Amino acid sequence: METRIKNSYQTFVYDFIKFDILVVCPNCSKLAIVKTNGFSFLNKNDSEIKVICTSCGYNKRLIDKPESILTASRNKLMTGRYIVVGGAIDPFFYLPLWYRTNFENNVMWAYNKEHIDFLKLHIEAKLRERNGQELANKSLGSRLPRWMNSKKNREPLLKLLNELQNKK
Ligand SMILES: [Zn+2]
């Protein structure tokens, strides 16, 4: 299994892949769930990963998805499945995320409620910062994209995250 990393924003989002991921059902466009079975990059067991829609009954296992060619040389062919982190899609089936919205020219997205909570916590902490007080987790801010850290964006971003969290 290979991993593609699109930019630095993705470095912390790995933490949220272990939770179930909310996606748009490819069959009925309602909410579907990617069961990640506690997936982590240390324990790359993907045999239990599947997507399930409770509205229309759509379901598919990752192991039933065709593999793609990862590397090919004259006498060696390696096949597998890419895990794509980023781009507002789930890493396994590449379905559009349920929690995605536009903010100015950026796409704000989250894998699940845990991920939204994390983003809210970060932005709220930034709002509370006074007199140059540092955040407990200093490195966190540098791992988020600049527009998420921008002072003028904090209030509208929080509002947007709250709306996203209540999306039905
Ligand atoms: Zn469905």
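All ligand and atom numbering here is 1-based and tracks the order in the structure. In this chain, numbering begins with 1 at the start of the sequence shown. Bear in mind the structure is a predicted one, so any value in this text is a computation, not a measurement.
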### Over all atoms of both residues, closest heavy-atom pair of V24 and L95
O-CB, 4.2 Å
### Task
Determine the minimum heavy-atom distance between L161 and L119, stating which atoms define it.
CD1-CB, 3.9 Å
### Task
Can you label the angle between the F39 ring and the F92 ring as parallel, tilted or perpendicular, going by 30° and 60°?
perpendicular
### Message
Under 4.5 Å between side-chain heavy atoms, counting indirect links through other Ile/Leu/Val/Met/Phe/Trp/Tyr residues: same cluster for L31 and I52 or not?
### Response
no
Would you give me the side-chain donor-acceptor pairs under 3.5 Å for residues 98-108, sequence neighbours excluded?
unit_1 : atom_1 : unit_2 : atom_2 : d
Y99    : OH     : K113   : NZ     : 2.8
R100   : NH1    : A88    : O      : 3.1
N106   : OD1    : W147   : NE1    : 3.3

### Task
Could you tell me whether E155 and K159 have a side-chain N and a carboxylate O separated by less than 4.0 Å?
no
### Total protein N/O/S atoms whose distance from the Zn ion (ligand 1) is less than 2.8 Å
4
